[in-house]
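Structure first, commentary second.
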Amino acid sequence: MKGKVYLVGAGPGDYKLLTLKALQCVKEADIIVYDRLATDRILEDAKEGCEFIYVGKKSRYHTKTQDEINEIIAEEAKNGKIVTRLKGGDPYVFGRGGEEGEYLRERGIDFEVVPGITSAIGGLCYAGIPITHRDYASSFHVITGHLKEEEKELDWEVLSKISGTLVFLMGVSNLEKICNNLMINGKDKETPAAIINWAARSYQRVVTGTLENLYEKAMAEKIQSPSLIVIGGVVNLRESLNFFEEKPLFGKNIVVTRSRSQSSKLSEKIFDLGGNAIEFPTIKIEEISPNNELEEAINNLENFNYVAFTSENGVNIFVDKLYEMNYDLRKLAKAKIVAIGSATAAKLKERGLIADIIPSKYVGEALVEELAPMLKKEDKILIPRAKEARDYIVTELDKYCAVTEVKLYETVMGEGNKEELLELIEEERVNYITFTSSSTVKNLVKILGKENLDKLKDIKLISIGPITSKTIEEYGLNLYKEAKEYTINGIIDVLCNN
Ligand code: SAH
């Protein structure tokens with residue numbers, strides 16, 4: 001196949017500001033070459049086996065030069081690979097996208113450019129600053145603040161006379177110089193000014209002031225790169241247009257400990273509410289395969305008059321197997337379907353099955369209590385579920401009728417990286433850890449090591465329900481709060497209401 005390079009703008013930070021076209025390039029890529037301004041979250045949409053090459057600063061290896069980056073993308077495309085070169089913001093706004101395109105064209109390599117939302121506009125927007133406004137600015141100017149080469153000095157006289165909004169990129173280290181040059185050349189020192197660090201992310205920080213005092217104020221707040229410098233009357237609108245920082249989870253760093261495949265729902269909600277979801281998979285779901293017991297149960301499905309599902313994973317594995325064995329849902333026609341939890345019921349519905357019985361509480365005890373009075377001696381219940389599930393349901397229901405348990409999957413250790421999490425904790429960049437099952441607690445402890453548990457003492461630990469809470473407490477950890485409703489939404493409620 002012929003290789004190709006997509007030069008793609010990833011937007012300013014919020015991963016949902018990616019365009020549909022950019023998302024398609026991420027999904028198609030064999031290789032994604034990205035830097036630090038492109039949000040990591042975007043990479044999760046890549047196909048299985050996609051290779052990632054980080055070329056940003058603060059690389060664990062060395063920083064790649066522009067020449068090296070050009071070479072990487074060209075070589076890979078020549079080898080027939082689809083290369084997506086992801087850049088923060090828009091590829092043509094100080095992103096050197098033009099140079100990369102020229103380099104590829106010279107070598108006859110096919111490429112396409114996907115514009116993105118530049119931080120110069122979208123970043124300001126997330127700080128509550130519209131780049132133009134009828135009352136304050138009728139033009140805007142995006143300027144490099146990277147003033148290394150003396151001969152390329154900006155024309156300060158001209159810039160000072162402009163009444164439109166001035167936006168400087170790459171200007172943090174020259175902030176003082178930028179403000180001074182504008183004032184020396186006649187710009188009013190009272191002109192509103194702001195600096196926006198890590199725009200459009202939950203850890204966005206904004207300092208506002210005037211041309212005269214912005215530098216001092218920014219230094220006091222230790223504002224670093226990457227930041228946007230904005231000068232102009234539009235800065236004052238932040239007071240009324242600051243929608244992003246008012247989101248309920250803004251500024252909150254929340255660890256999600258579920259398996260990679262399950263965490264997206266919770267993470268997405270956290271991001272939508274302005275928070276920063278840090279995925280740290282403590283568990284991984286591994287289907288038991290081959291599974292003779294499951295096949296036997298499915299072959300004899302008509303013999304069961306109840307089938308009880310206890311998790312979304314269980315539903316998926318069971319229904320997939322049913323189809324794989326060339327049956328369909330009619331095989332379940334005679335059985336009453338029981339679901340523990342609304343998420344399990346929702347998954348059943350998605351797969352074409354409506355649960356007949358959903359116990360009022362999402363724990364095994366409620367299932368037994370509510371199901372037992374209906375059971376007759378000759379009934380047969382099938383319970384397809386996790387290998388490590390508690391014995392409770394099976395032993396209890398067994399007192400009333402015949403129970404067949406089939407183990408579908410096993411929860412094994414997830415790939416969460418100990419050092420990375422400890423570093424985040426050390427830097428006080430973790431406010432909450434969410435636990436959605438006992439195994440997420442157990443495995444987090446295993447990954448971190450008992451000797452590190454006291455490092456969690458200032459972090460708020462949130463549990464999805466009583467069984468998980470009990471496990472948290474058994475390790476001597478402090479439970480902060482338990483969800484009232486034992487679901488992902490229940491956890492979101494706890495996060496939003498404190
Ligand atoms: N192509 C990018 C700009 C690349 S130059 C775009 O269109 O946004 C890199 C500079 O962009 C940084 O030094 C900083 O000034 C700015 N920048 C990019 N993303 C940013 C963000 N999320 N928050 C603050 N500044 C950002």
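This structure is a prediction, so every number in the text was calculated from the model and none was measured. Counting starts at 1 for both ligands and their atoms, in listed order. FYI, side chains are in, hydrogens and waters are out, and symmetry mates aren't considered; it's all heavy atoms of this structure.
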Worksheet entry | For Ser469, all residues meeting side-chain hydrogen bond (donor to acceptor under 3.5 Å, both in side chains), sequence neighbours excluded | Ser463, Glu482
Worksheet item: Do you see a donor-acceptor pair shorter than 3.5 Å between the side chains of Thr487 and Glu485?
Response: yes
Item to complete: Mind jotting down which protein residues get a heavy-atom contact under 4.0 Å with ligand 1? Chain and number order, please.
Response: Pro12, Leu37, Gly88, Gly89, Asp90, Val93, Phe94, Thr118, Ser119, Leu169, Met170, Ile196, Trp198, Ala199, Pro226, Ser227, Leu228
Discussion item. Once you measure the plane-to-plane angle for Phe244 and Phe250, does it fall in the parallel (<30°), tilted (30-60°) or perpendicular (>60°) bin?
Written reply: perpendicular
Practice prompt. Please confirm whether Tyr54 and Tyr34 have ring centers closer than 6.0 angstrom.
Written response: yes
Practice prompt. Return the set of residues passing side-chain hydrogen bond (donor to acceptor under 3.5 Å, both in side chains) with Asp320 (not counting sequence neighbours), or none when no residue passes.
Written response: Arg351
Item to complete: Could you pull out all residues at least two apart from Asp30 that satisfy side-chain hydrogen bond (donor to acceptor under 3.5 Å, both in side chains)?
Response: Lys47
